[in-house]
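Residues take their numbers from the sequence shown, with the count starting at 1.
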Amino acid sequence: MKFVAKSRPGIAGAALLGVIAMLGVLPAARADQACPGGKVKYYRNPMGTPDTSPVPKKDSMNMDYLPVCEDADGDGPGTVTVSLDKVQRLGVRSEEVGERQLSRTVRAFATLQFDERRQFVVAPKFSGWIEKLYVNATGDVVTVGEKLFDVYSPELNVLQQQWRLAGRSADATDKLRYLAYPETALEKLRQGDPPSRTVTIPSPVAGTVVDKIAIEGMRFQPGETLFRIVDTSVMWVLAEVYEQDLGYVKVGDIAKVTVNAWPAQPVDGKVAFIYPTIGKDSRTARLRIEVANSDGRLRADMAATVEITTPLDGSRLAVPESAVIDSGRRQVVLVERGEGRYEPRPVKLGAHVPGWVQVLDGVKAGERVVTQATFLIDAESNIRAALAAFGHAESKGDGK
């Protein structure tokens, strides 16, 4: 014996019917409200099959056939009709598609580093002993010409004596300068002062001592680094930008840098260089942003975030971000066709900016797209396909 269950669609069918009822798909008795002047061309099967009827009717699941208006011939596949009172109750909102000036904001994580061009080492070109140390702690701030240490160097003592015996000749002067003999000490020799046993070595630059190898009493060899001094008035911000965002960044762009230590006090910098390689694993490109650090609060290896906002060239056709239904494989907008009719339209998207999405293909300027309640309307369109599959499964499930 066969049992036919078509008159009772079951729990799943009831749920689908309930969603369609909530969406307000028009029954045949209310067709006149969907078509201006009551001009109904025909009625179509609500499950999407090609069956049509010239008069209102119901299908095997007791669902009303849907009216197709005479002016709806241009509607695309999947167009749905929602009653006007439901449109108001669902809060459906739409906005006109148009050309806009778009700006793209690129965000990236970053770290702060010293400016490589503002780092200096003190490495004498002669050997000697440090007899007195004036700058004796890492982190000390020095100015140009400030005393670093006094050195006793037999090599310098011999050259000083030769300079006097040679009658202050140019050759003797050059030998002292080749060894970076301080100009202040050379000027004292010119004024007639006797050669000094020790020579005071001044700082060649202003900055902060970040490395101090020098220890009072130690002996050093030519070229040995005794101090590393960094001018921290300008810092580098090294930002990691994703490969897909690289096309929106260029040298000269203004960047807002926010360090974790002072999140409420961002500083402005400028993109100075884009490194020529991409990380193989991270797929990011490195940007170098230069920021001023006159108060010295920014320090190397601090963590920061960077925002770079750049305007896109020319005006672009765009829709509100909320208008796009993105399933991962397809992107769709709902085009308003008037009188409660909505057409799902596949679109090809371009740049994403805050609040807006560029549309490369699928809609034209002047058309209106749904920006609110898009999911509910799109669900009705998809439910028809689900109902068709459900009905097919019900038929296979008839028992004996």
Looking at Ala272, is its backbone amide N or carbonyl O close enough to the side chain of Lys270 to form a donor-acceptor pair, meaning the two atoms are under 3.5 Å apart?
no

Please report the shortest heavy-atom distance between Thr258 and Pro266, naming the atom on each side.
OG1-CB, 3.5 Å

How far does CD of Glu243 sit from CG of Leu246, to the nearest 0.5 angstrom?
7.5 Å

For a 4.5 angstrom cut-off between non-hydrogen side-chain atoms, does Trp236 reach Leu112?
no

Value for CG (Asp174) from CG (Leu179), rounded to nearest 0.5 Å, stands at 11.0 Å

Sequence neighbours left out, what pairs pass ring pair (Phe, Tyr, Trp, His ring centres under 6.0 Å) with at least one residue falling in residues 256-311?
Phe273-Tyr275

Thr208 side chain vs Val210 backbone, donor-acceptor pair below 3.5 Å
no

What I'd like to find out is whether the side chain of Val241 reaches to under 4.5 Å of the side chain of Thr284, using heavy atoms alone.
no

Among Ile213, Val122, Ile201, which residue satisfies the side chain to side chain contact (heavy atoms under 4.5 Å, CB included) criterion with Phe227?
Val122

Between atom CD of Gln221 and atom CZ of Phe126, what is the distance when rounded to the nearest 0.5 Å?
12.0 Å

Side-chain donor/acceptor of Thr310 to backbone N/O of Val249, under 3.5 Å
no

Please give me the minimum heavy-atom distance between Pro194 and Arg164, naming the atom from each residue.
CA-NH1, 4.0 Å

Derivation of the side-chain contact (heavy atoms from CB on, under 4.5 Å) call for Glu116 and Arg288
CA-CA 11 Å; Glu116 293 176 1; Arg288 187 175 76 215; 5.9 Å; no

Any side-chain heavy atom of Thr173 within less than 4.5 Å of one from Arg190?
yes

Minimum side-chain heavy-atom gap Val251-Ile274 below 4.5 Å:
yes

Rounded to the nearest 0.5 Å, what's the gap from CG on Leu156 to CH2 on Trp163? Could you check?
14.5 Å

Checking side-chain polar atoms at under 3.5 Å, does Tyr134 have a donor or acceptor matched by the opposite partner on Glu146?
no

Mind listing the closest non-hydrogen atom pair of Leu334 and Pro344 along with its distance?
CD2-CA, 3.8 Å

Interatomic distance, Arg337 atom CZ to Glu367 atom CD [nearest 0.5 angstrom]
7.0 Å

Under 3.5 Å, side chain of Asn293 to main-chain N/O of Arg297, donor-acceptor pair present?
yes

Any donor-acceptor N/O pair, Glu336 side chain to Arg368 backbone, under 3.5 Å
no

Where do Leu298 and Ala292 come nearest, in terms of heavy atoms and distance?
CD1-O, 4.1 Å

Go through Arg177 and Leu186 one step at a time and tell me if the side-chain contact (heavy atoms from CB on, under 4.5 Å) criterion holds.
CA-CA 9 Å; Arg177 284 178 171 164; Leu186 185 58; 3.9 Å; yes

For Arg345 and Val333, indicate whether the former's side chain and the latter's backbone hold a donor-acceptor pair under 3.5 Å.
no

Quick check on Arg286: does its CZ atom have over 12 non-hydrogen neighbours (other residues, nucleotides or ligands) under 6.0 Å away?
no

Closest heavy-atom pair and its distance - Ala285, Ile278:
CB-CD1, 3.4 Å

According to a hydrophobic-cluster definition based on side-chain heavy atoms being under 4.5 Å apart (Ile, Leu, Val, Met, Phe, Trp, Tyr only), do Val135 and Val141 belong together?
no

Would the distance check show the side chain of Thr232 and the main-chain N or O of Gly296 forming a donor-acceptor pair, the cut-off being under 3.5 Å?
no

For the backbone of Val234 and the side chain of Glu290, can you confirm whether one donor and one acceptor N or O come within less than 3.5 Å of each other?
no

May I ask whether Val324 and Val97 are part of the same hydrophobic cluster, defined by side-chain heavy atoms of I, L, V, M, F, W, Y residues being less than 4.5 angstrom apart, directly or through others?
yes

Under 4.5 Å between side-chain heavy atoms, counting indirect links through other Ile/Leu/Val/Met/Phe/Trp/Tyr residues: same cluster for Leu133 and Val199 or not?
yes

Give the intermediate values and the outcome of salt bridge (Lys or Arg N to Asp or Glu O under 4.0 Å) for residues Asp193 and Lys188.
CA-CA 6 Å; Asp193 290 358; Lys188 288 181 180 180; 5.7 Å; no

Less than 4.5 Å apart, any side-chain heavy atom of Phe220 and any of Leu226?
yes

Gap separating the CE atom of Met235 from the CE atom of Met302, nearest 0.5 angstrom:
8.5 Å

Test side chain to side chain contact (heavy atoms under 4.5 Å, CB included), reference Thr105, set Ile308, Thr309, Asp245, output is Thr309

How close do Pro202 and Gly145 get, heavy atom to heavy atom, and via which atoms?
CB-O, 3.5 Å

Check whether any side-chain heavy atom of Gln161 sits under 4.5 Å from a side-chain heavy atom of Pro195, and report yes or no.
yes

Starting from Tyr242, can I reach Val106 by hopping between I/L/V/M/F/W/Y residues whose side chains sit under 4.5 Å apart?
no

Does a side-chain N-to-carboxylate-O contact under 4.0 Å join Arg118 and Asp231?
yes

Please report the C-alpha distance between Arg228 and Asp211 in whole Å, then the side-chain angles of each, then the deciding distance to 0.1 Å, and finally whether the salt bridge (Lys or Arg N to Asp or Glu O under 4.0 Å) criterion is met.
CA-CA 5 Å; Arg228 187 161 71 96; Asp211 283 323; 2.9 Å; yes

Are Leu238 and Leu287 connected in the hydrophobic side-chain network, where two residues link if heavy atoms are under 4.5 Å apart?
no

Validation row: Trp129, Met218 side chains within 4.5 angstrom (heavy atoms)
no

Evaluate the criterion side-chain contact (heavy atoms from CB on, under 4.5 Å) for residue pair Asn136 and Phe149; output intermediate values, then yes/no.
CA-CA 9 Å; Asn136 51 20; Phe149 58 93; over 6 Å; no

With side-chain contact (heavy atoms from CB on, under 4.5 Å) as the criterion, how do Lys348 and Gln331 come out once you've worked through the C-alpha distance, each side chain's angles and the decisive distance to 0.1 Å?
CA-CA 7 Å; Lys348 182 179 180 182; Gln331 292 78 41; over 6 Å; no

Please check this pair: side chain of Asp140 against backbone of Val209, looking for a donor-acceptor N/O pair closer than 3.5 Å.
no

